[in-house]
*Asks:* 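Take a look at the following structure, please.
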Amino acid sequence: MAESSNVMEQIVSLCKRRGFVYPASEIYGGLNGFWDYGPLGVLLKNNIRDHWWRNMVLSPPIGPDGHPIDMVGIDTAIIQNPKTWVASGHVGGFSDPMVDDRESKQRYRADHVMVMVPKDKQGNAFAFLPGEQEAAEKKIKRDARRNPTDYDVVSLMTLALDQYGNIVAPATKSPGTLTEPRAFNLMFITYVGALQSDDSKAYLRPETAQGIFLNFKNVVDTTRVKVPFGVAQIGKSFRNEVTPRNFIFRSREFEQMEMEWFCHPDEARQWYEFWKVERMNWWRSLGVKESNLRLRDHEETELSHYSKMTVDIEYLYPFTAPDYGELEGIAHRGCFDLTQHQENSGQKLDYFDQDLQLKLKEQGVSAEDIKAKSRYIPNVIEPASGLTRAVLVILCEAYRKEPGRQGTEEFLSIKPQFAPIKLGIFPLVNKEGMPEVAEKLYLELRRDFTCEYDPKQSIGKRYARMDEIGTPFCITIDGDTLKDQTVTVRERDSMAQQRIALDKVRSYVAERMRD
Ligand code: ATP
């Protein structure tokens, strides 16, 4: 446990030191749950974003019929008519149960708090947050003078209120300081226009999905898509999380990559299975190790108000280990959203399925049945993932610390395709004609790959800096380059060096950038 929290500290520190992620408004002391992406962080984030867009929208997967599926992209407003969030259930229900610790003033999501309860029901119980069980065990040994094996680990949500008096909160030593759980709406409120009143109240979207549902009819009427088809969107979402924590894992402003797949109700189950497979493959394509990924079906009691079934794609984060944490949710939303928006807006949001009509005609189905069956509200399968969580996954997956390694012990083994900088280009020394050749190469390649030209410091220091920021290749121009037109290429992970022809650098890098 201590080791995993160390790893996180080291990743956070490297991200700050090298310009991946900074705490937002740092000079004013920061703002809990908000982060800024620095020069390297934005490159990494955009690489993941573009990969998702390419794989979902520009070159979507091949469907069960052997042809590419239908998919279009969209970019909707962050602030929509507030009736949207009434219809979607967010105004009434988008809340987390929350408990306060009266003593430490800490606030926790009640469904995240775990408790070690004495098996014999004698004495205090000890609460902790996932990944911090060791702290509760220490208190048990030190304060209760008992063995942690005498305790059962249960969720706080399973305990009755009359047991709260015996619970020692995660940050306190004496029992009875936790309040009972209270609902807390997660939407950020804002006001539209000059007057701040209930009539001008609006919300920052807590998910990108609703903007897609609101435009279902527009997309059907203005493009050539036919059910089944998908509409995909990437953008910011905002949630006033009770306990933003674990770096960028749970923040109050984050980016989502969501897709709503509209299909015939009879085919929804089949598409749900299809997207499970496709989405797992996508995460593998980022270079995430198989053993660090898993699918977890939601229990019936865990399902959101709109969901018929949901499966999470989870990752083995250093702060959840040995458990896994959510990365993406794939939900079968049935016809909940379109039905709700149809009822609340008074606009028809059903779909007339011409292909189905023809098929039923050929089958000799009665005209009345055809009419009833070819008009329906589509079902929706939704793969919803976090772009900023994907950045965290790539960083956790890539982080290496190898004591004794030359130059720097810490480096990022990011798959070349996603590395913020693909190529470092260095003159061995900043004289004798070398900078001119190196800069010429840099100018030739920078439109194809993000390159960095760096003529300063010792070559070892320059390699080390590139390793730390995950640059997969470095090219060095030396005295021999001027004689035989060859350069040294150094590979980040193995640190192996080889000579290649100067005019082969482009193809060398391009080849290693493919999927
Ligand atoms: P969690 O259980 O972690 O709160 P959720 O089930 O509420 O997540 P969804 O509503 O399914 O999340 O959102 C889809 C995805 O958006 C999540 O899988 C996650 O990757 C991302 N996401 C949700 N909330 C946050 C957040 N506060 N910070 C960063 N990413 C988030």
Side-chain angles (χ1 to χ4, degrees), residues 21 24 31-35 37 41 45 48-49 52 85 88-90 93-98 108-113 129-131 155 157 184-188 204-213 232-260 275-276 279-280 282-283 286 288 293-299 301-307 309-315 317 319-320 323-333 336-337 380-396:
V21 181
L31 185 62
N32 196 9
F34 296 88
W35 299 91
Y37 288 76
K45 179 153 69 69
I48 303 170
R49 179 198 68 186
W52 190 89
W85 309 108
S88 68
H90 285 85
F94 189 55
S95 53
D96 281 336
M98 167 205 91
Y108 306 102
R109 248 176 76 173
D111 56 335
H112 285 175
V113 177
L129 293 173
S155 163
M157 298 299 277
F184 173 78
N185 196 294
L186 298 182
M187 279 198 296
F188 279 101
L204 302 192
R205 70 179 175 203
E207 61 176 29
T208 62
Q210 296 304 322
I212 298 179
F213 296 125
Q233 162 153 252
I234 299 178
K236 292 243 174 177
S237 291
F238 303 81
R239 295 183 189 178
N240 197 3
E241 295 281 0
V242 176
T243 40
R245 61 204 303 264
N246 294 325
F247 194 32
I248 53 175
F249 175 78
R250 184 175 304 289
S251 45
R252 289 179 166 143
E253 174 176 343
F254 54 98
E255 274 175 83
Q256 290 187 303
M257 307 182 287
E258 298 197 293
M259 191 278 289
E260 308 304 319
W275 282 111
K276 255 161 83 168
R279 295 304 305 148
M280 275 296 268
W282 187 83
W283 286 105
L286 293 185
V288 184
L293 286 172
R294 75 169 191 198
L295 282 166
R296 187 184 66 83
D297 287 308
H298 277 211
E299 305 281 336
T301 50
E302 227 183 314
L303 291 176
S304 314
H305 59 281
Y306 54 75
S307 172
M309 53 183 76
T310 296
V311 60
D312 282 346
I313 299 181
E314 297 187 326
Y315 179 73
Y317 298 96
F319 48 82
T320 54
D323 205 353
Y324 290 63
E326 179 173 339
L327 189 50
E328 167 161 344
I330 303 171
H332 180 342
R333 298 178 79 123
F336 176 82
D337 303 271
V380 167
I381 306 300
E382 174 198 72
S385 58
L387 171 54
T388 37
R389 262 191 209 176
V391 171
L392 178 59
V393 165
I394 288 218
L395 288 168
C396 292

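Just follow the structure's listing: the first ligand is 1, and inside any ligand the first atom is 1. Values in this document were obtained by computation on a predicted structure and should not be read as measured data.
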*Asks:* At under 4.0 Å between heavy atoms, which part of L327 makes contact with ligand 1: side chain, backbone, both or neither?
*Replies:* backbone
*Asks:* Tell me, which protein residue and heavy-atom name are nearest atom 16 (O) of ligand 1, and how many Å apart are they?
*Replies:* Q256 NE2, 3.1 Å
*Asks:* Between Q210 and W85, is there a side-chain donor-acceptor contact under 3.5 Å, judged purely by atom types and distance?
*Replies:* no
*Asks:* Could you tell me the residue and atom name of the protein heavy atom closest to atom 19 (C) of ligand 1, and the distance to it rounded to 0.1 Å?
*Replies:* R389 NH1, 3.5 Å
*Asks:* If you have a sec, work out which protein heavy atom is nearest atom 11 (O) of ligand 1 and how many Å separate them, to one decimal?
*Replies:* E326 OE2, 3.5 Å
*Asks:* Below 4.0 angstrom, N of the basic side chain to O of the carboxylate: do R279 and E382 qualify?
*Replies:* no
*Asks:* Can you list the ligand 1 atoms lying under 4.0 Å from a non-hydrogen atom of A384?
*Replies:* 14 (C), 15 (C), 18 (O)
*Asks:* R250 to ligand 1: N or O pair under 3.5 Å?
*Replies:* yes
*Asks:* Pull out every atom of ligand 1 sitting under 4.0 Å from any heavy atom of R109, numbered as shown with elements.
*Replies:* 4 (O)
*Asks:* May I ask you to check whether S237 and Q256 show a side-chain donor-acceptor distance below 3.5 Å?
*Replies:* yes
*Asks:* What residues, two or more places apart in sequence or in another chain, satisfy salt bridge (Lys or Arg N to Asp or Glu O under 4.0 Å) together with R109?
*Replies:* D96, D111, E241
*Asks:* Who's the nearest protein heavy-atom neighbour of atom 28 (N) of ligand 1, and how far?
*Replies:* S251 N, 3.0 Å
*Asks:* Look at D323 together with R296 and state whether they make a salt bridge at an N to O cut-off of under 4.0 Å.
*Replies:* no
*Asks:* Under a 4.5 Å cut-off applied to non-hydrogen side-chain atoms, are E326 and Y315 in contact?
*Replies:* no
*Asks:* What atoms of ligand 1 come closer than 4.0 angstrom to any heavy atom of E328?
*Replies:* 18 (O)
